Amino acid sequence: MIEEGVYVLKATLQAGTGHTAKGRETHRSLWVVCAATETAVDLMLLDDKGAPTGLVETVSPEEVRARYQHRPLSADTWARLQAKVRAAYRPRPRDSAPPPAVPA
């Protein structure tokens with residue numbers, strides 16, 4: 001199971017193309033775990049001030065372990081952030097729902 005908290009995703013990007021390329025830049029984005037099961041993790045993007053954006057990505061636990069780094073927070077900070085995330089989080093239906101009924 002994935003530990004609750006904030007995770008950092010680092011991506012190296014190249015600014016420009018061809019002769020206008022300015023080299024590589026590292027982009028860091030902060031994500032918070034909204035919900036986690038053994039097969040899926042819902043992560044919500046945080047803005048540059050650490051507030052929830054409402055944008056949710058669903059990834060596998062393996063992807064979280066491979067691409068994201070856990071960022072520890074104090075208990076106080078985590079409690080405040082968790083309250084904001086709960087207010088903004090709207091779970092999406094999972095693929096495990098029963099199939100639609102077929103008309104007879």
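All residue numbers in this chain count up from 1 along the given sequence. For clarity, every value in this text was computed on a predicted model and none was experimentally measured. Values below: all heavy atoms of this structure, side chains included; hydrogens, waters and symmetry mates excluded.
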Under a 4.5 Å cut-off applied to non-hydrogen side-chain atoms, are [X] and [Y] in contact?
X	Y	answer
His27	Thr12	no
Tyr89	Val56	yes
Tyr7	Val64	yes

Take Gln82 and Val32 through the side-chain contact (heavy atoms from CB on, under 4.5 Å) test and state the conclusion after the steps. CA-CA 9 Å; Gln82 214 172 13; Val32 64; over 6 Å; no
Closest non-hydrogen atom pair, [X] against [Y]:
X	Y	answer
Leu45	Ser29	CD1-CB, 4.0 Å
Pro52	Met44	CB-SD, 3.3 Å
Met1	Glu38	SD-N, 4.2 Å

List the steps, then state whether side chain to side chain donor-acceptor pair (under 3.5 Å) holds for Thr58 with Asp42. CA-CA 5 Å; Thr58 302; Asp42 284 352; 2.7 Å; yes
Side-chain donor-acceptor contacts of residues 66-73 below 3.5 Å, not counting sequence neighbours, with atom names and distances?
residue	atom	partner	partner atom	Å
Arg67	NH1	Glu63	OE2	2.6
His70	NE2	Glu4	O	3.3

Which salt bridge (Lys or Arg N to Asp or Glu O under 4.0 Å) pairs, counting each pair once, include a residue from residues 75-84, with sequence neighbours left out?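 Salt bridge (Lys or Arg N to Asp or Glu O under 4.0 Å) check on residues 75-84 returns Asp76-Arg80.
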Could you tell me which residues satisfy salt bridge (Lys or Arg N to Asp or Glu O under 4.0 Å) with Asp48, sequence neighbours excluded, listed by chain and number?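 Result, salt bridge (Lys or Arg N to Asp or Glu O under 4.0 Å) vs Asp48: none returned.
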Between CG on residue Leu30 and CG on residue Leu81, distance to nearest 0.5 Å: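 Nearest 0.5 Å value for the CG-CG distance: 9.5 Å.
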Distance col, row Glu57:CD vs Leu43:CG, nearest 0.5 angstrom, shows 8.0 Å
